[in-house]
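Take a look at the structure set out below.
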Amino acid sequence: MTVDFKKYIASVQDFPNKGIVFRDITPILSDGEIFRAATHELAEYAKKRGADVIVGPEARGFIVGCPVATELGVGFVPARKPHKLPREVERASYDLEYGSNSLEMHKDAIKPGQKVVICDDLMATAGTLHAAIELIERLGGEVVGAAFYVELPDLKGREKLPNIDIFSLVQYHGA
């Protein structure tokens with residue numbers, strides 16, 4: 001099934017004073033056939049990269065990554081915002097256009113040598129992605145790729161991670 005995913009992504013002014021347009025993936029998620037097609041595309045990418053585990057940053061990364069892991073039959077590890085995980089965690093901070101935050105993962109979530117693909121809805125400035133990569137590498141995993149529904153190349157996220165293979169269903173240039 002060939003899908004024009006761009007027609008299923010809505011645009012909303014998010015930070016108008018900075019010219020940032022939010023890309024809403026709800027139309028993809030709410031159509032079972034389109035959601036399965038998007039999941040399959042990301043799963044095929046992760047399979048080609050040899051993923052042993054999928055990591056999804058909170059919260060939309062859970063929605064995107066968990067079905068990918070299920071289709072592949074591999075584990076799914078959430079990267080959560082601070083203070084939401086019990087037990088010992090590893091933490092990495094990051095900056096975005098509207099402030100800073102951090103992600104946490106259980107210290108035993110990734111086994112040394114595991115090949116990891118990070119799945120999320122959007123890659124913009126790559127702040128969240130950078131924090132997830134830092135966590136995975138500290139835990140001994142190897143990031144073999146990152147997969148997104150939407151990429152905003154004008155925000156130069158890809159340029160900040162030249163050694164990471166990145167796949168996206170849709171790229172939006174300009175507003």
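From a predicted model like this one, the values you see are computed outputs, not experimental measurements. Note that the numbering runs from 1 along the sequence shown for the chain.
- The heavy-atom pair separating Asn101 from Pro82 by the smallest distance is OD1-CD, 3.5 Å.
- For the pair Thr128/Leu103, a side-chain contact is recorded, criterion being any heavy-atom separation below 4.5 Å from C-beta on.
- The pair Arg87-Asp108 meets the salt-bridge criterion, with a side-chain N (NZ, NE, NH1 or NH2) lying under 4.0 Å from an Asp/Glu carboxylate O.
- Under a 4.0 Å N-O distance rule, the pair Glu134/Arg138 qualifies as a salt bridge.
- Distance alone, capped at 3.5 Å, places no donor-acceptor pair between the Asp120 side chain and the Phe148 backbone.
- Note that the CG atom of Leu169 and the CG atom of Asp121 stand 11.0 Å from one another [nearest 0.5 Å].
- Side-chain contact between Val74 and Val68 is absent, with no heavy atoms from C-beta onward closer than 4.5 Å.
- Heavy-atom minimum distance, Pro57 versus Ala132: CG-CB, 4.5 Å.
- Residues Ala43 and Leu72 share a closest heavy-atom pair of O-CD2, 3.4 Å.
- Hydrophobic clustering of Ile, Leu, Val, Met, Phe, Trp and Tyr side chains at less than 4.5 Å, counting indirect connections, keeps Leu85 apart from Val116.
- Contact between Ile63 and Phe35 at its shortest, heavy atoms only, is O-CZ, 3.8 Å.
- Between Glu104 and Arg91 there is a salt bridge, since at least one side-chain N of the basic residue sits less than 4.0 Å from a carboxylate O of the acidic one.
- Here NE2 of His130 is found 10.5 Å from CD1 of Ile118. Values are rounded to the nearest 0.5 Å.
- Although no hydrogens or angles enter the test, the distance criterion places a donor-acceptor pair under 3.5 Å between the side chain of Lys160 and the main chain of Thr125.
- Two different hydrophobic clusters hold Val89 and Met105 under the rule that ILVMFWY side chains link at heavy-atom gaps under 4.5 Å.
- Annotation: the span from Glu142 atom CD to Ile110 atom CD1 amounts to 12.0 Å, rounded to 0.5 Å.
- Nearest heavy-atom pair across Leu139 and Lys107 is CD2-O, 3.2 Å.
- Screening Arg158, Lys6, Lys156 for a salt bridge (charged side-chain N to carboxylate O under 4.0 Å, His left out) with Glu151, the sole residue that qualifies is Arg158.
- Side-chain atoms of Phe5 and Glu41, non-hydrogen and from C-beta on, do get closer than 4.5 Å to each other.
- Taking the six-membered ring where the residue is Trp, Phe76 and Phe62 present perpendicular rings, their angle passing 60° and hence far from 30°.
- For His106 (side chain) and Pro86 (main-chain N/O), a donor-acceptor pair under 3.5 Å exists by modelled atom type.
- Here the OH atom belonging to Tyr8 is positioned 9.0 Å from the CD1 atom belonging to Ile28, to the nearest 0.5 angstrom.
- Taking every heavy atom of both residues into account, Ser100 and Asp95 meet most closely at CB-OD1, 2.9 Å.
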